[in-house]
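As the structure lists them, so they are numbered: ligands from 1, and atoms in each ligand from 1.
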Amino acid sequence: MKTVLVTGGTGLVGQGIKSISLHFQNQLEFIFISSKQFDLTKSEQVEKMFETHKPNYIIHLAACVGGLFKNMNNKVEMLEKNLLLNYNVIHYSHVYKVEKLIACLSTCIFPNNIPSYPVTEEMLHDGPPHSSNDAYAYAKRMIEIHCKAYRENFGDEFICVSPTNIYGPHDNFNLEDGHVLPVLIHRCFLAKQSKQKFIIRGTGAPLRQFIFSEDVGLAIVKILLTENVPDNIILSVPESQEISIAEIGNMIAKNFDYQDHIVFDNSYSDGQFKKTVSNKRLLTLFPDFKFISVQDGIQRTIQWFLENKNIARI
Ligand code: NAP
Ligand code: GFB
């Protein structure tokens with residue numbers, strides 16, 4: 001039985017992996033790590049983590065993560081914490097002879113100005129990312145450079161995945177730091193509770209592809225168990241499922257029966273307008289991969305939030 005250590009195991013994606021891990025219980029023993037056990041920005045704690053668990057595989061999810069406004073307002077923290085913890089995990093994965101490492105990039109780190117969409121994996125370094133999250137983006141891009149260096153110099157199987165906007169149970173619903181989908185769920189809940197307007201920041205025009213956390217978890221574990229995969233794989237729903245922030249807000253409001261109370265506040269930034277990505281490489285690997293629909297995903301996420309709002313990150 002191979003052991004797979006999941007950094008960031010208590011987060012949105014980590015919990016997504018946990019929810020599908022039973023399907024792989026005959027092949028993998030999962031170890032889910034949180035920052036309370038090991039602070040990965042500290043190299044001595046990373047060494048201790050490897051000494052303690054000696055994992056065969058690493059799924060590296062841990063990161064200082066947030067939505068548009070957290071990225072815009074905390075660039076130094078996003079850069080320094082992510083550079084530190086990514087360096088430590090990748091460096092010591094080599095030192096402790098990890099057989100396979102999968103590290104997480106993101107579709108928001110790709111170049112902002114693309115001559116023609118969709119974005120594909122080869123475009124990663126073809127231009128600067130959107131200014132709203134450039135600090136986070138460059139810290140993430142160094143993961144790809146670092147893994148590539150270990151592949152070229154030592155033949156390590158260190159590869160990356162690039163998820164698009166992820167949502168689901170155990171997300172960060174904090175109104176300032178969270179990503180748009182969980183924030184709009186939380187804000188719509190509060191608006192209805194206090195009979196206030198449901199405010200959606202910006203114009204609502206920007207476009208996104210939203211993927212449910214369990215789909216990301218399943219894709220990552222399937223990639224882990226597949227030999228000779230490409231060194232970077234975008235994890236996204238098809239381009240055809242790209243949706244505007246306004247449409248997402250309306251879908252969320254309809255779940256709360258509150259769609260007549262939506263107001264857009266365009267004094268706030270829209271951030272990146274679009275970042276349409278191709279999932280061709282993923283579907284070439286797994287032609288039968290089925291995605292949970294955004295309608296079902298939103299319903300499940302709202303239900304989780306309502307049942308867990310006392311323990312959720314708000
Ligand atoms: P999340 O819910 O915020 O979880 C982040 C995880 O990282 C938490 O488990 C946290 O542990 C851990 N962590 C943070 N700082 C740490 C430290 N210093 N030492 C050890 N652990 C630390 O994030 P997520 O949404 O699951 O994201 C997982 C990965 O997917 C990240 O690499 C992110 O960049 C990437 N990604 C996310 C999205 C998205 O839309 N969410 C999209 C694309 C890519 P504690 O909870 O114990 O503090
Ligand atoms: O998920 P999000 O915060 O980040 O989405 P990105 C931002 C979009 O949602 C902008 C609109 O167009 C915002 O104008 N929006 C509307 C809101 N209301 C709100 C609100 O109350 N809060 C937030 N946050 N947005 C993410 C990166 O970029 O892309 C992540 O920040 C990750 O780290 C992900 O990499 C893939 O989609 O712009």
Exercise for the section: Give a yes/no verdict on whether any heavy atom in Arg208 is under 4.0 Å from an atom of ligand 2. Expected result: yes
Practice task
Measure the distances from the heavy atoms of Gly204 to every atom of ligand 2 and state whether one is below 4.0 angstrom.
Solution key: no
Problem - Among Gly202, Gly271, Cys108, Ser269, closest by any non-hydrogen atom to atom 13 (C) of ligand 2 - result: Ser269
Exercise for the section: May I ask whether Tyr268 has any heavy atom positioned less than 4.0 angstrom from an atom of ligand 2? Expected result: no
Practice task
Report yes if Pro206 has an N/O atom closer than 3.5 Å to an N/O atom of ligand 2; otherwise report no.
Solution key: no
Problem - Non-hydrogen atom of His130 closer than 4.0 Å to ligand 2 - result: no
Problem - Best match, Gly249, Ser106, Pro182: closest heavy atom to atom 35 (O) of ligand 2 - result: Ser106
Exercise for the section: Could you tell me whether Lys275 and ligand 2 have an N or O pair separated by under 3.5 Å? Expected result: yes
Exercise for the section: Would you mind listing every ring pair (Phe, Tyr, Trp, His ring centres under 6.0 Å) that reaches into residues 51-77, with sequence neighbours excluded? Expected result: Phe69-Tyr268
Handout entry: Test side chain to side chain donor-acceptor pair (under 3.5 Å) applied to Asp134 - qualifying residues, sequence neighbours left out
Key = Lys75
Problem - Pairwise distance CD1(Ile298) to CD1(Ile185) - rounded to 0.5 angstrom - result: 6.5 Å
Completion exercise
Nearest heavy-atom approach of Ile234 to Glu121 is N-OE2, 2.8 Å
Handout entry: Partner set under side chain to side chain donor-acceptor pair (under 3.5 Å) for Asn174, not counting sequence neighbours
Key = none
Show the distances, to 0.1 Å, for all pairs joining an N/O atom of ligand 1 and a protein N/O atom that are shorter than 3.5 Å, listing one pair per line.
residue  : atom   : partner : partner atom : Å
ligand 1 : 2 (O)  : Leu12   : N            : 2.9
ligand 1 : 2 (O)  : Arg313  : NH1          : 3.2
ligand 1 : 2 (O)  : Arg313  : NH2          : 2.7
ligand 1 : 3 (O)  : Arg313  : NH1          : 3.1
ligand 1 : 7 (O)  : Ala63   : N            : 3.3
ligand 1 : 9 (O)  : Gly8    : O            : 3.4
ligand 1 : 9 (O)  : Thr10   : OG1          : 2.7
ligand 1 : 9 (O)  : Gly11   : N            : 3.2
ligand 1 : 18 (N) : Asp39   : OD1          : 3.0
ligand 1 : 19 (N) : Leu40   : N            : 2.9
ligand 1 : 26 (O) : Leu12   : N            : 3.2
ligand 1 : 26 (O) : Val13   : N            : 2.9
ligand 1 : 32 (O) : Leu61   : O            : 2.8
ligand 1 : 32 (O) : Lys140  : NZ           : 2.8
ligand 1 : 34 (O) : Tyr136  : OH           : 2.6
ligand 1 : 34 (O) : Lys140  : NZ           : 2.9
ligand 1 : 40 (O) : Ile166  : N            : 3.0
ligand 1 : 46 (O) : Thr10   : OG1          : 3.0
ligand 1 : 47 (O) : Thr10   : OG1          : 3.3
ligand 1 : 47 (O) : Ser35   : N            : 2.9
ligand 1 : 47 (O) : Ser35   : OG           : 3.0
ligand 1 : 47 (O) : Lys36   : NZ           : 3.3
ligand 1 : 48 (O) : Ser35   : OG           : 2.8

Problem - Val180 and ligand 2 - part of the residue with a heavy-atom distance under 4.0 Å - result: both
Practice task
Say whether Gln209 and Thr164, considering side chains only, have a donor N or O and an acceptor N or O under 3.5 Å apart.
Solution key: no
